[in-house]
Amino acid sequence: MNLGDALYVIGGKWKLRVIIALRGNTSRFNELQRTIPGISAKVLSNELKDLELNGFVRRNVFTGTPVVVEYELTEYSNTLGTVLQSLSDWGAMHRAKIMNK
């Protein structure tokens, strides 16, 4: 059940890529889309909404002319640090295994 919940929240092709792209900085929508090759505007918009709903991303709207919208990670997103590190370690191990076949 717990693993299923985790996969529901951060699973899929794009969610972790969005989180990684936002690490350490805020980004506007178009900047973020350029940072993640292959993601469409519609998919990015949906992923940002899901991540915001689950507490990983904050959407900041600055009223003025023009209106500026920026996205940033929340403190809660830091709870994924060990998960991301474990995935990175596993990815490196897997790549080495495949390359040595």
Side-chain angles (χ1 to χ4, degrees):
M1 188 67 162
N2 293 339
L3 185 57
D5 290 343
L7 289 174
Y8 176 78
V9 173
I10 62 171
K13 182 175 181 178
W14 300 108
K15 283 190 178 76
L16 287 177
R17 292 177 187 191
V18 172
I19 290 170
I20 291 166
L22 283 170
R23 288 183 99 184
N25 62 320
T26 62
S27 286
R28 294 181 184 182
F29 186 89
N30 287 335
E31 294 169 346
L32 193 53
Q33 188 178 10
R34 283 191 295 271
T35 305
I36 307 169
I39 194 167
S40 70
K42 181 178 179 180
V43 170
L44 178 57
S45 178
N46 288 337
E47 297 296 271
L48 287 166
K49 285 177 188 171
D50 286 349
L51 290 169
E52 185 179 7
L53 181 68
N54 285 294
F56 294 110
V57 170
R58 182 179 299 112
R59 181 179 187 260
N60 300 310
V61 179
F62 301 98
T63 57
T65 307
V67 173
V68 174
V69 179
E70 291 183 340
Y71 296 90
E72 66 180 337
L73 294 178
T74 63
E75 286 293 318
Y76 183 62
S77 71
N78 293 332
T79 62
L80 294 173
T82 54
V83 173
L84 295 174
Q85 186 59 53
S86 293
L87 283 171
S88 178
D89 294 345
W90 184 86
M93 181 271 310
H94 180 68
R95 180 180 297 262
K97 179 183 186 294
I98 297 300
M99 298 300 283
N100 289 330
K101 275 192 166 184

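None of the values given here were measured: they were computed from a predicted structure.
Cluster note: Met1 groups with no other residue, as no ILVMFWY side-chain heavy atom lies under 4.5 Å from it. Applying the under-4.5 Å side-chain rule to Ile, Leu, Val, Met, Phe, Trp and Tyr, the cluster around Met99 consists of that residue alone. Taking Ile, Leu, Val, Met, Phe, Trp and Tyr as hydrophobic and joining them when side-chain heavy atoms fall under 4.5 Å apart, one finds Leu7 in a cluster with Leu3.
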Would you mind writing out the side-chain donor-acceptor pairs for residues 19-34 within the sub-3.5 Å range, not counting sequence neighbours?
residue: Glu31; atom: OE1; partner: Arg28; partner atom: N; Å: 3.0
residue: Gln33; atom: NE2; partner: Ile39; partner atom: O; Å: 3.3

Kindly list each side-chain donor-acceptor pair under 3.5 angstrom involving residues 86-97, sequence neighbours excluded, with atom names and distances?
residue: Ser86; atom: OG; partner: Thr82; partner atom: O; Å: 3.0
residue: Asp89; atom: OD1; partner: Gln85; partner atom: NE2; Å: 2.8

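Under the side-chain hydrogen bond (donor to acceptor under 3.5 Å, both in side chains) criterion, Asn100 pairs with no residue at all, not counting sequence neighbours. Under the side-chain hydrogen bond (donor to acceptor under 3.5 Å, both in side chains) criterion, Glu72 pairs with Arg58, Asn60, not counting sequence neighbours. Partners of Arg17 under the side-chain hydrogen bond (donor to acceptor under 3.5 Å, both in side chains) rule, at least two apart in sequence or in another chain, do not exist in this structure.
Under the 4.5 Å side-chain heavy-atom criterion for ILVMFWY residues, a single connected hydrophobic cluster contains both Ile36 and Val69.
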Test log, rule side chain to side chain contact (heavy atoms under 4.5 Å, CB included), inputs Leu73 and Val57 = CA-CA 4 Å; Leu73 294 178; Val57 170; 4.1 Å; yes
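Legend: salt bridge (charged side-chain N to carboxylate O under 4.0 Å, His left out) pairs involving residues 37-57, not counting sequence neighbours, sorted by first then second residue: Lys15-Glu47, Lys15-Asp50. Listed by first and then second residue, the ring pair (Phe, Tyr, Trp, His ring centres under 6.0 Å) pairs involving residues 40-83 are Phe56-Tyr76 (not counting sequence neighbours).
Going from atom CG of Leu44 over to atom OG1 of Thr35 covers 9.5 Å, rounded to the nearest 0.5 Å.
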